[in-house]
Visitor: 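Below: one structure in structure tokens.
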Amino acid sequence: MSTVKDPVCGMMVPVGEGLSVVHQGHEFRFCSDLCKRTFLATPKRYATGSAGVPHGTPDVERRIAYFSMEVAADGAMPTYSGGLGVLAGDTLRSCADLKIPLVAVSILYTRGYFEQHLDEQGIQHERPVQWDPSKFVRLLPPTIHVSIEGRPIVVRAWQYDITGLTGYVIPLVLLDTNFEENAVGDRELTRYLYGGDERYRLAQEVVLGIGGVKMLRALGYTHVERFHMNEGHAALLAIELLRERKQTEPAAWDFDGVRRDCIFTTHTPVPAGHDRFSYELVKQILGDTSPLDVLQMLGGRDRLNMTLLALNMSTYVNGVAKRHGEVSQEMFPGYAIDSITNGVHSATWTSPSFQQLYDRHIPGWRSDPFALRYAISIPAQEIWVAHVQAKTRLFEEVRKRTSLPFRDDALTIGFARRATQYKRADLVFSEPSQLIDMARKVGPIQFIFAGKAHPKDEPGKEIIRRIIHLAEQLKPEILIAYVENHDLHLAKLLTSGVDLWLNTPLPPLEASGTSGMKAAQNGVPSLSVLDGWWVEGHIEGITGWSIGRGPSASSTQERSDGQDAHELYDKLRSVIAPLFYQRPERWSEIMRSTIAFNASFFNTHRMVQQYAAHAYV
């Protein structure tokens with residue numbers, strides 16, 4: 001870890017930590033407030049010949065560069081669309097807490113993904129996000145150029161600091177082409193996340209992969225030893241690394257050398273999640289900057305497959321759950337694919353009432369979430385009191401947004417995912433009469449949904465319309481809210497405030513899923529199909545309940561919506577609702593064991609430590 005000398009006392013202070021002062025264009029760091037005050041009293045005495053560095057100079061000792069198309073760094077910054085970006089943000093927060101020497105690269109989306117508005121018919125309307133980047137990020141001095149369609153495009157960078165518990169900073173470098181030297185169309189290239197056509201998407205991936213490497217070099221990050229691709233969007237970074245080495249050693253391409261430096265995490269078994277581009281488009285966008293024969297050798301003969309390019313140029317490849325590692329190995333035979341199960345940043349996703357509870361009973365849990373296993377000794381009644389407070393916060397928000405009269409004492413089920421067919425958000429409404437019968441005979445049931453459909457995903461939009469239509473049909477016996485514009489703020493309220501978390505993907509299409517992990521940080525048990533992370537987190541009647549036959553049913557033909565809906569209703573009617581209404585003490589004990597077993601393990605501190613041990617060494 002890089003260190004600098006405190007100019008007052010002479011002690012060494014890690015770069016990125018401690019107190020700092022900028023004096024005459026140089027930054028000085030101090031081990032204590034005493035040294036800082038002493039310096040400010042007579043700066044000339046200590047500044048001459050000291051260890052100050054030019055203000056804004058990066059920590060060049062960062063060993064790992066983490067590339068992600070989206071990052072949920074701040075809830076008010078629309079630089080994410082969903083699970084991939086939220087995971088990236090949680091990863092970087094844990095890296096900051098654990099002092100991992102890492103720099104991150106993504107794109108500054110000046111119009112974000114989109115704001116979702118739902119009309120009375122449930123039709124989704126998308127609007128550009130309005131935000132002021134200068135309130136969150138600072139402009140960095142250098143610019144670089146990437147070649148797109150034969151034109152040099154100027155790329156600048158902004159930095160957002162992700163600060164850990166001890167003050168250690170992970171710099172997030174956000175690339176931006178909205179620069180006056182660029183043509184109008186080129187200034188638009190970094191405006192929308194997952195917007196535009198294939199040309200727009202490939203151009204963005206050039207900016208991220210090729211431009212990201214160039215920007216790191218321009219910023220002085222010269223000691224990077226590992227380039228971690230969070231999905232295949234950044235796979236062109238391998239081509240840029242090959243080009244760099246070709247310049248210094250023109251005799252041959254150093255495939256092995258670059259491969260040793262690269263790490264690839266694949267996140268989806270869904271074919272649409274793997275970007276593919278025609279070579280006609282590739283040649284149009286990249287021109288002669290990247291040899292076509294090299295791209296075809298590494299990324300596929302017929303089309304440039306970014307996943308294949310990343311697989312061929314990475315020394316370590318992993319899926320994001322044990323089951324997903326197995327599915328990925330089946331999808332890509334011939335490649336060694338490990339698995340590191342995803343997690344969530346515990347301190348971020350734990351509601352205020354549970355934070356206070358953990359602070360009383362488990363000091364130090366923020367820096368060591370594995371200590372949450374000691375939650376097993378917290379009195380069950382205190383768990384329930386904290387949950388009631390979290391539920392109250394959620395209902396305040398939902399009532400404000402929907403005006404629906406949600407009952408505080410009713411079994412409340414939450415579902416908040418991207419609206420797309422394989423996630424089957426409407427599975428629970430396969431037979432609405434079953435829910436009405438349950439509500440009459442066992443106790444009231446109410447639902448809160450949230451989630452955006454991609455603007456081009458018409459089946460996903462239809463699912464939203466169907467749920468909103470059913471909500472009108474089933475009230476007042478079954479209250480259903482579909483809360484628009486799912487974001488970090490709403491996600492935190494939902495995952496902590498509902499009584500039961502529902503997840504119904506069609507196996508084996510769930511790579512991991514992290515929403516249930518977020519719920520677990522607050523003791524909320526899951527009712528979920530056995531796929532993704534739930535294969536590992538499920539203990540029947542202890543951490544929640546299962547739907548379906550588990551991971552052995554690997555084909556969509558081997559199971560049906562009807563079978564899963566039948567088991568879902570059976571669990572709700574026979575086990576879950578009676579337990580909630582008739583045995584509240586036992587329900588609190590299940591919440592407690594959910595924290596002890598699942599919150600303690602399914603967190604990004606454990607995940608990052610596994611990456612450090614298996615991939616970053």
Side-chain angles (χ1 to χ4, degrees), residues 2 15-16 53-69 71 92 95 100-108 137-148 151-161 169-177 179 181-182 189-190 203-230 233-250 253-264 286-291 294 309-310 313-315 616:
S2 180
V15 170
V53 296
H55 181 47
T57 298
D59 174 8
V60 296
E61 298 298 327
R62 302 288 167 139
R63 293 182 49 251
I64 303 124
Y66 180 88
F67 284 67
S68 184
M69 193 75 166
V71 178
L92 299 182
C95 284
I100 302 295
L102 180 147
V103 56
V105 181
S106 189
I107 291 177
L108 183 83
V137 294
R138 65 179 185 275
L139 185 63
L140 300 176
T143 60
I144 56 98
H145 292 80
V146 295
S147 177
I148 295 178
R151 300 184 307 280
I153 310 296
V154 181
V155 181
R156 60 181 177 177
W158 305 74
Q159 182 167 318
Y160 181 87
D161 291 338
V169 172
I170 295 293
L172 171 60
V173 177
L174 298 165
L175 306 173
D176 176 24
T177 63
F179 195 66
E181 291 185 25
N182 291 328
L189 289 178
T190 55
Q204 280 192 337
E205 296 188 11
V206 169
V207 172
L208 177 64
I210 295 175
V213 172
K214 288 186 174 183
M215 184 59 73
L216 288 179
R217 305 308 192 204
L219 289 169
Y221 292 101
T222 57
H223 291 73
V224 175
E225 299 173 2
R226 296 287 184 271
F227 292 83
H228 186 170
M229 294 171 274
N230 187 42
H233 309 115
L236 288 173
L237 70 82
I239 301 300
E240 177 60 19
L241 295 175
L242 284 170
R243 187 199 62 79
E244 283 185 344
R245 297 193 179 212
K246 183 77 167 173
Q247 285 185 326
T248 57
E249 300 177 23
W253 296 101
D254 188 7
F255 296 111
D256 286 341
V258 171
R259 189 175 292 115
R260 282 193 295 270
D261 291 350
C262 292
I263 297 155
F264 173 46
L286 293 176
D288 298 327
T289 59
S290 302
V294 172
L309 174 58
M313 288 308 298
S314 295
T315 189
Y616 295 163

Visitor: Under the side chain to side chain contact (heavy atoms under 4.5 Å, CB included) rule, what do Ile148 and Val207 come out as? Steps first, then yes or no, please.
Guide: CA-CA 9 Å; Ile148 295 178; Val207 172; 4.2 Å; yes
Visitor: With rounding to the nearest 0.5 angstrom, report the CZ to CG distance, Arg260 to Asp254.
Guide: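 Reported to 0.5 Å precision, the distance equals 6.5 Å.
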Visitor: How many angstroms lie between atom OG1 of Thr222 and atom CZ of Arg217, to the nearest 0.5 angstrom?
Guide: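 If I round to the nearest 0.5 Å, the distance is 8.0 Å.
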Visitor: Quick one: pull up CG in Leu208 and NE2 in His233 and give me the separation to the nearest 0.5 Å.
Guide: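 Output value for this atom pair is 9.0 Å.
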Visitor: Answer whether the closest heavy-atom distance between the side chains of Val258 and Arg245 falls below 4.5 Å.
Guide: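 Yes. Closest side-chain heavy atoms under 4.5 Å.
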Visitor: Taking atom types as modelled, is there a side-chain donor on Thr190 or Thr177 under 3.5 Å from an acceptor on the other?
Guide: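 Short answer, yes.
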Visitor: Can you tell if the side chain of Lys214 reaches within under 4.5 Å of the side chain of Val155, non-hydrogen atoms only?
Guide: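 Counting from C-beta outward, Lys214 and Val155 never come under 4.5 Å.
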Visitor: Are the side chain of Arg62 and the backbone N or O of Pro101 linked by a donor-acceptor pair below 3.5 Å?
Guide: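 A pair under 3.5 Å: no.
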Visitor: Looking at Leu237 and Cys262, what are the two nearest heavy atoms and their distance?
Guide: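 Closest approach of Leu237 to Cys262: CD1-SG, 4.0 Å.
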Visitor: Quick one: CE on Met313 to CG on Asp256, what's the gap to the nearest 0.5 Å?
Guide: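 If we round to the nearest 0.5 Å, Met313:CE and Asp256:CG are 8.0 Å apart.
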Visitor: Is there a side-chain contact between Ile263 and Met229 in this structure, where contact means two heavy atoms from C-beta onward sitting under 4.5 Å apart?
Guide: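 No, their side chains stay 4.5 Å or more apart.
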Visitor: Look up atom CZ in Arg138 and atom OH in Tyr160, then write down how far apart they are to the nearest 0.5 Å.
Guide: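 It is 11.5 Å, given to the nearest 0.5 Å.
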Visitor: Evaluate Leu236 against Val213 for side chain to side chain contact (heavy atoms under 4.5 Å, CB included), listing each step before the verdict.
Guide: CA-CA 10 Å; Leu236 288 173; Val213 172; over 6 Å; no
Visitor: If you define the side chain from C-beta out and look only at heavy atoms, does anything of Leu189 sit under 4.5 Å from Asn182?
Guide: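 Side chain of Leu189 against side chain of Asn182, heavy atoms only: no contact under 4.5 Å found.
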Visitor: Any heavy-atom pair between the side chains of Leu174 and Val71 that's under 4.5 Å?
Guide: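 Val71 does not reach Leu174 side chain to side chain.
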Visitor: Go through the steps to decide whether Arg63 and Val224 satisfy the test side chain to side chain contact (heavy atoms under 4.5 Å, CB included), and finish with yes or no.
Guide: CA-CA 4 Å; Arg63 293 182 49 251; Val224 175; over 6 Å; no
Visitor: Donor-acceptor check, side chain of Arg243 to backbone of Thr289, threshold 3.5 angstrom: yes or no?
Guide: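 No, because the side chain of Arg243 does not come within donor-acceptor range (under 3.5 Å) of the backbone of Thr289.
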Visitor: Shortest non-hydrogen contact from Met215 to Arg156?
Guide: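 Looks like CE-C, 3.8 Å.
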Visitor: With the side chain counted from C-beta on, respond yes when Phe255 and Val294 share a heavy-atom pair under 4.5 Å apart, and no when they do not.
Guide: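 A side-chain contact exists here, since the closest heavy-atom pair is under 4.5 Å.
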Visitor: Got a second to check how far Ser290's OG is from Ile210's CD1, nearest 0.5 Å?
Guide: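 Those atoms lie 4.5 Å apart.
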Visitor: With a 3.5 Å distance limit and no angle check, can you tell me whether Asp261 reaches the backbone of Phe227 through a side-chain donor-acceptor pair?
Guide: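 Checked: no pair found.
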Visitor: Can you tell if the side chain of Val206 reaches within under 4.5 Å of the side chain of Ile153, non-hydrogen atoms only?
Guide: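 No. Closest side-chain heavy atoms not under 4.5 Å.
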Visitor: Which heavy atom of Leu92 sits nearest a heavy atom of Ala104, and at what distance?
Guide: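 In this case the closest contact between Leu92 and Ala104 is CD1-CB, 3.6 Å.
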Visitor: May I ask you to test the Tyr66-Ile170 pair for a side-chain heavy-atom distance under 4.5 Å?
Guide: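 Of all side-chain heavy-atom pairs linking Ile170 with Tyr66, none is under 4.5 Å.
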Visitor: I'd like to know whether Leu309 forms a side chain to side chain contact (heavy atoms under 4.5 Å, CB included) with Ile239, so could you lay out the CA-CA distance, the side-chain angles of the two residues, the decisive distance to 0.1 Å, and finally the verdict.
Guide: CA-CA 9 Å; Leu309 174 58; Ile239 301 300; 4.1 Å; yes
Visitor: Give a yes or no answer on whether the side chain of Ser68 reaches the backbone of Ser106 with a donor-acceptor pair at less than 3.5 Å.
Guide: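 No, the answer is negative, given that no donor and acceptor are paired below the 3.5 Å cut-off.
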